[in-house]
Structure formats: structure tokens, C-alpha cells
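Below is one structure, written out as C-alpha cells, with a few remarks after it.
Fair warning: this is a prediction, and the values are worked out from it, not measured in the lab. No hydrogens, no waters, no symmetry mates; every other heavy atom, side chains included, goes into these values.
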Amino acid sequence: MDDRRMEAMGDSAARAASSMQSRLNRVSERAQDLASDAGEHLSHLSGSMSPYMEPARRFVQERPLQAIALTIGLGFVLGKLLGRRD
């Protein structure tokens, strides 16, 4: 009787492991799909932002303190706006 119980427990463990492996594979595939989609969106966004990058880079190089102040100010305003949602 102990042998049957051990076999039943082994079968249950094997089924559970197989089920978990299947779920893990599905999650992994979904994560890869999401990463691919995010990469495509980032590439598209980078392409649409390229006309603005050089003037922004030049502004930061020519006026670094103003760029820092502007960044801090925008961060503060965005923080206040997003903080109101809670």
C-alpha cells in the first residue's frame, strides 16, 4: 500500500511540474512579446523625437544651469499633477 501511495504522489508531482512548466513557457512567451512590442514603440518614439534632440542637446550644452532648473521645475510640476490622482 505504501508503494501505491508513493507512485500516486510521484505521478501528482510529475503532473504538477508539467503544468508549471507549461505555464512558465506561456508567461515567458508573453513577456517576450511584450518586450518586442515595447522595443517597437520605443524605436518609433525615438524616430519621431529625433528632430527635437539636437536643439535640446545644444540648449543643455549652452545653458546647463538653466537646463537643470527647467528639469527640476518640470519634475516638480509633474509630481504635483500626478500626486493629485491619489
Side-chain angles (χ1 to χ4, degrees):
M1 195 143 116
D2 286 340
D3 289 341
R4 280 192 234 163
R5 286 184 187 169
M6 292 299 283
E7 283 183 36
M9 288 173 40
D11 290 344
S12 293
R15 283 193 303 272
S18 176
S19 175
M20 291 303 292
Q21 184 63 45
S22 176
R23 289 180 185 182
L24 184 59
N25 288 341
R26 285 194 303 255
V27 168
S28 176
E29 288 172 5
R30 181 68 177 138
Q32 288 174 352
D33 290 344
L34 289 173
S36 176
D37 289 348
E40 290 174 14
H41 288 299
L42 184 59
S43 176
H44 177 69
L45 181 62
S46 295
S48 64
M49 294 299 292
S50 61
Y52 305 104
M53 293 304 291
E54 188 54 39
R57 190 173 288 127
R58 198 173 323 116
F59 176 79
V60 170
Q61 288 174 345
E62 293 172 0
R63 299 177 187 95
L65 293 178
Q66 289 176 345
I68 291 171
L70 180 63
T71 303
I72 291 171
L74 286 174
F76 179 78
V77 170
L78 287 175
K80 287 294 188 178
L81 290 174
L82 295 176
R84 290 184 181 173
R85 290 184 179 182
D86 297 332

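- If you take CZ on Arg57 and CD on Glu62, they are separated by 13.0 Å, rounding to the nearest 0.5 Å.
- Using a 4.5 Å heavy-atom threshold, the side chains of Gln32 and Ser28 count as touching.
- Although no hydrogens or angles enter the test, the distance criterion places a donor-acceptor pair under 3.5 Å between the side chain of Thr71 and the main chain of Ala67.
- Under the 3.5 Å distance criterion, with hydrogens and angles disregarded, no donor-acceptor pair is assigned to the side chains of Glu29 and Asn25.
- The pair Glu7-Arg4 does not meet the salt-bridge criterion, since no charged nitrogen lies less than 4.0 angstrom from a carboxylate oxygen.
- Atoms CD and CD1, from Gln66 and Ile68 in turn, are 11.0 Å apart once rounded to the nearest 0.5 Å.
- Here the straight-line distance linking atom CG of Leu42 with atom CE of Met49 works out to 11.5 Å at 0.5 Å rounding.
- Judged by distance alone, the side chain of Ser22 and the main-chain N or O of Ser18 form no donor-acceptor pair under 3.5 Å.
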